[in-house]
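Would you mind keeping the following structure in view while I ask a few things?
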Amino acid sequence: MGRVTAFAVLIGCLALTSATNLNQGRDNPYDLSNIVYMTNGITAIATYHLGNLQAANETVITKLFLNITYDNPQRVRIRITDMQNTRFEVPYDFTNYTIQGNAGLYNVTISANPMGIQVVRQSDNRVIFFLDPSLWFSYDDQDILFTSNYGYGINALGLGERITSFIIPQGTYTLWARDRPSPLDDGQSQDANMYSSQPFYMIIDQETGQAFGGLLYNANAMSVVIGPQSLTFRTTGGIIDMWLFIGPTPEQVVFQYHQLIGPPVEIPYWSLGWHQSRYGYVNVSMLQQVFDNYTNNQLPLDALWNDIDYMSAYEDFMFDPVTYPLNNMTQLVDALLATGKNYIPIVDAGIAQNNSDPFYINGTSSGVWIQNPYTKNAACVGQVWPGNATFIDWLNPNAKNYWVSSLNTFQQTVSFSGIWLDMNEVSNFVSGCVGHEPTLINSTTMPWTPGQDLNTNALDVAATHQNGVTEYNMHSLYGYLESKTAAQYFIQKQTRPFIISRSTFPGHGKWASKWLGDNYSQWSFMEYSIVGIFNFGMFGIPMVGADICGFLGNTNLELCSRWTQLGTMYPFSRNHNDANSIPQEPWAFGPLLIETNNVSIRNKYMLQLYIYTHMMKISSEGGQLFKPAYWEYPSDMNLLYNATSSFMLGKALIVHPCLWYGISGSTSFFPDDMWYNLYSGEYVFLDYENSAYLDMPWPGLINIHVAQGFIIPIVDNYMSAMSLRDTRYSNISLIIVQGPGVEATGSVIFDDGSTYGNMANNNYLEVEYQFFSHNSTFDYLTLQQLQSGYKRETGEWPYISTLIFYGCTAAPESVFKLSNGLVPTYIPANVYWSAEDMICKIWLKNYLQPDEMATLLIDYFI
Ligand SMILES: *[C@@H]1O[C@H](CO)[C@@H](O)[C@H](O)[C@H]1NC(C)=O
Ligand SMILES: *[C@@H]1O[C@H](CO)[C@@H](O)[C@H](O)[C@H]1NC(C)=O
Ligand SMILES: *[C@@H]1O[C@H](CO)[C@@H](O)[C@H](O)[C@H]1NC(C)=O
Ligand SMILES: *[C@@H]1O[C@H](CO)[C@@H](O)[C@H](O)[C@H]1NC(C)=O
Ligand SMILES: *[C@@H]1O[C@H](CO)[C@@H](O)[C@H](O)[C@H]1NC(C)=O
Ligand SMILES: *[C@@H]1O[C@H](CO)[C@@H](O)[C@H](O)[C@H]1NC(C)=O
Ligand SMILES: *[C@@H]1O[C@H](CO)[C@@H](O)[C@H](O)[C@H]1NC(C)=O
Ligand SMILES: *[C@@H]1O[C@H](CO)[C@@H](O)[C@H](O)[C@H]1NC(C)=O
Ligand SMILES: *[C@@H]1O[C@H](CO)[C@@H](O)[C@H](O)[C@H]1NC(C)=O
Ligand SMILES: *[C@@H]1O[C@H](CO)[C@@H](O)[C@H](O)[C@H]1NC(C)=O
Ligand SMILES: *[C@@H]1O[C@H](CO)[C@@H](O)[C@H](O)[C@H]1NC(C)=O
């Protein structure tokens with residue numbers, strides 16, 4: 001358990017805001033001794049040698065332990081801890097952490113006088129970490145500072161949470177969970193950090209385009225200075241616990257990181273559909289109207305959400321008896337469930353301090369509240385929506401029971417399918433604990449502060465958790481620990497956690513998901529949402545999206561239409577709006593937006609099996625669904641510099657969103673490959689710089705193109721389905737994309753879509769489709785079961801109805817199924833070929849099931 005950070009007034013002379021100032025002309029003040037080289041790493045003792053030259057009145061930690069472990073061939077860990085005292089460390093959650101003890105693909109060298117550490121990637125001899133002995137290093141109680149000096153130009157990515165460009169501009173960035181709606185962070189203010197703390201970065205070498213990553217596993221307030229060739233970390237506490245991921249491709253960095261933190265939680269099948277929410281559904285009849293309007297407009301819907309409007313006096317779990325009578329509510333939720341739709345209520349972090357609130361009473365009797373540092377045995381009271389409120393100490397051994405049983409109680413009131421965890425930074429409308437000035441923590445009392453008073457809109461930094469651990473250390477962990485605990489509620493029922501949280505920390509994705517918080521109804525925020533989804537995908541939270549059409553401010557027809565086209569490509573697609581803004585439901589602007597919503601949602605439905613298959617694979621292997629095209633084509637740096645103008649969904653699909661007002665098409669860049677329009681099969685002729693002009697119709701569909709070599713499963717009933725549940729009972733088609741001499745492959749995962757642990761327990765079906773070009777008269781298509789752990793229910797996944805070939809150069813004549821002895825059996829089918837469009841179609845007349853083991857022989861006219 002961490003030691004209580006001293007709040008004794010320290011008269012510091014280091015009121016520096018920029019960490020780089022410290023570096024000038026000062027060597028590392030520690031020397032290494034007792035160096036032990038082992039096959040699985042290096043250990044040493046670092047001793048402070050400055051003596052009276054000590055720079056300031058700070059608690060310098062004079063003896064450090066350096067422990068470098070060669071985790072595996074792609075990952076190295078550098079831990080530097082206090083030898084004499086235990087310091088605060090993040091409650092550890094990487095259950096799969098293993099040390100293979102093999103330096104493998106990197107070399108680590110150290111220097112002793114003064115201390116220096118260098119990690120070099122063997123494949124190209126590039127530095128991926130360098131604690132340069134000639135640069136300043138400090139390890140004080142409240143000021144740990146170190147620089148990694150690469151010696152070549154870098155592009156830095158990651159380091160959330162903030163609104164900024166994908167390649168983060170040089171500057172200084174704060175990490176400290178903060179409820180602050182979306183300022184633009186250009187690295188100048190140090191006061192634009194947002195909801196999460198995600199101290200993971202990826203560096204792209206500007207010269208070679210190769211990538212590596214790093215995680216500083218530290219929850220304290222920190223700042224990171226991004227220099228032209230260096231990263232400087234400065235934190236207010238904790239320890240140095242740094243993992244490095246050697247890449248060398250961006251995608252490999254992501255997998256290496258996810259292998260450490262654990263792959264993300266499995267999400268329910270339905271959650272990939274369409275979600276409608278708004279702050280301002282003031283009563284149950286309005287919520288009912290929204291549901292009815294979806295039905296009356298023939299618009300699909302998968303979940304209807306409730307913001308704090310449902311609450312009585314803004315108390316969690318309590319329906320307002322006048323505006324949201326329980327009978328009406330349960331009727332509405334039953335009707336939603338009966339039509340395959342879901343209900344998701346918000347739950348705020350603060351529990352109303354109200355002696356007649358049963359949830360407050362239970363929490364008080366279980367003693368789970370974060371404590372006031374100035375009043376013995378009293379909760380630290382903050383002020384949020386209900387007024388005075390108390391907050392759960394997730395280190396308290398009773399916290400889990402309390403939270404899980406509260407959710408169980410709530411479930412008995414209303415059948416929610418997921419929960420929305422808001423205000424969990426943890427946010428506070430005042431600063432500190434009500435009734436006492438916040439503990440003074442500015443540059444008078446601290447060696448430094450990261451750009452802001454840490455008490456601002458937070459609980460008092462001196463508020464205490466179990467065993468005296470302070471909020472100073474715990475603050476940025478609230479949302480993550482709350483979500484992790486809430487996940488237990490779902491897991492005990494064997495259902496998949498569907499938790500959308502605002503605040504996150506490394507490890508969050510294993511339990512819960514995320515939305516990007518309060519954005520603005522502005523074109524620029526639509527574009528920033530793409531960066532946000534890239535980043536949280538890297539952080540191991542692939543189920544993420546931004547409020548479609550924008551939250552704060554008024555949207556308009558064109559912006560909302562474009563955003564709906566883009567938003568249906570987010571893994572998590574939710575239209576959500578502020579109470580003070582004009583309505584933005586699909587019918588709010590007349591038939592054009594209804595049409596855009598209709599075709600866009602159905603477009604996502606069409607791809608449901610492709611998307612779900614990826615999300616399930618990611619939940620067992622890590623990785624991203626929605627990712628920069630650069631990840632797939634890392635030899636083209638333009639794709640990195642142009643990251644938001646297109647993005648990939650998996651390996652096969654590229655999406656070009658329309659991010660600009662008043663246009664109907666644009667010159668668009670593609671990675672170097674052969675691309676076909678997903679909808680029409682039309683081949684894209686690229687010019688010398690791999691660009692082509694794309695029409696961007698509005699209303700209409702967003703541009704999606706498919707690369708050669710892939711087989712895309714298509715849900716046939718996407719135009720009639722009213723929720724994703726309906727798509728489970730649909731025939732499917734396969735779009736098979738050939739190129740000259742290229743074979744094609746694809747796969748589908750199908751399961752019950754809701755039970756927790758299906759991937760780990762092999763309770764799923766996985767079918768691989770492979771296309772082989774045999775000779776000018778015959779091709780083969782094989783269907784192979786890779787996993788058969790799910791038995792389809794009656795009516796589920798009936799048939800493969802159609803094979804659609806893009807890039808098809810001959811007319812199909814007939815189809816045979818090869819049985820074991822390779823005796824061909826004729827399969828009745830209708831065939832079609834357009835020589836001009838190079839498209840073939842084979843209608844299989846409901847003969848073949850999607851998970852059948854089979855080889856088809858396709859015979860062509862010559
Ligand atoms: C440390 O504090 C003492 C007493 O407050 C002061 O006299 C001294 O100058 C300080 N030293 C430094 C290096 O700031
Ligand atoms: C070094 O760190 C590794 C990984 O955390 C740990 O297993 C090992 O015990 C540490 N070594 C020492 C000497 O503390
Ligand atoms: C744990 O990591 C190993 C490789 O180090 C991997 O093979 C395994 O799938 C991982 N298990 C889980 C549950 O993530
Ligand atoms: C890295 O270590 C390997 C194995 O010890 C050695 O052969 C190689 O020369 C080293 N490379 C560098 C760049 O130090
Ligand atoms: C609740 O339902 C009843 C019966 O249908 C209806 O009379 C009442 O107006 C509803 N209340 C609200 C707040 O919608
Ligand atoms: C539902 O649709 C009707 C008719 O277009 C409209 O008047 C009403 O405002 C809509 N209700 C909501 C809550 O959007
Ligand atoms: C809020 O809490 C403070 C401190 O406990 C208390 O003094 C105050 O009376 C409370 N306010 C209300 C409205 O309960
Ligand atoms: C309070 O705790 C008791 C005992 O665990 C439990 O039975 C009850 O349902 C809880 N009440 C609420 C509102 O969660
Ligand atoms: C720190 O806060 C105290 C009390 O508000 C104030 O007097 C002092 O000037 C502040 N110091 C700085 C450097 O802002
Ligand atoms: C985007 O890519 C194209 C070529 O692929 C390039 O000409 C252009 O400069 C890039 N844009 C940026 C901002 O790098
Ligand atoms: C194509 O392959 C089939 C089966 O191997 C063979 O029977 C046929 O003669 C071949 N056709 C040509 C044109 O080579």
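Whatever order the structure lists ligands and atoms in, that order sets their numbers, starting from 1.
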Flag the pair Phe490 / Trp511 as yes when their ring centroid distance falls below 6.0 Å, and as no otherwise.
no
Compute the ring centroids of Phe94 and Tyr92, then answer whether they are less than 6.0 Å apart.
yes
Can you label the angle between the His475 ring and the Trp176 ring as parallel, tilted or perpendicular, going by 30° and 60°?
parallel
Return the residue, atom name and 0.1 Å-rounded distance of the protein heavy atom closest to atom 5 (O) of ligand 2.
Arg77 NH1, 2.9 Å
Can you report which non-hydrogen protein atom sits closest to atom 4 (C) of ligand 2, along with the distance?
Ile99 CD1, 3.4 Å
Atom 14 (O) of ligand 8: closest protein heavy atom, distance to 0.1 Å, is Thr409 OG1, 3.0 Å
For ligand 9, which atoms have a heavy atom of Leu440 less than 4.0 angstrom away?
1 (C), 2 (O), 3 (C), 4 (C)
Residue of the set Tyr106, Trp243, Phe245 for which side chain to side chain contact (heavy atoms under 4.5 Å, CB included) holds with Val76
Tyr106
Which atoms of ligand 2 are found less than 4.0 Å from any heavy atom of Phe65?
12 (C), 13 (C), 14 (O)
Below 4.0 angstrom from a heavy atom of Asn362, which ligand 8 atoms are there? Numbered from 1 as shown, please.
1 (C), 2 (O), 3 (C), 8 (C), 10 (C), 11 (N), 12 (C), 14 (O)
Between Asp393 and Val368, is any pair of side-chain heavy atoms under 4.5 Å apart?
no
Heavy-atom protein contact below 4.0 Å for atom 7 (O) of ligand 8
no
Please write down residue, atom name and distance for the protein heavy atom closest to atom 10 (C) of ligand 2.
Asn67 ND2, 2.4 Å
Considering the heavy atoms of Pro358, write down every atom of ligand 8 situated less than 4.0 Å from one of them.
13 (C)
Atom 13 (C) of ligand 8: closest protein heavy atom, distance to 0.1 Å, is Phe359 CE2, 3.5 Å
Aromatic ring pairing Phe212/Tyr201, orientation class (parallel under 30°, perpendicular over 60°, tilted between):
perpendicular
Check whether NZ of the Lys or CZ of the Arg Arg77 lies under 6.0 Å from the centre of the six-membered ring of Tyr97 and within 45 degrees of that ring's axis.
yes
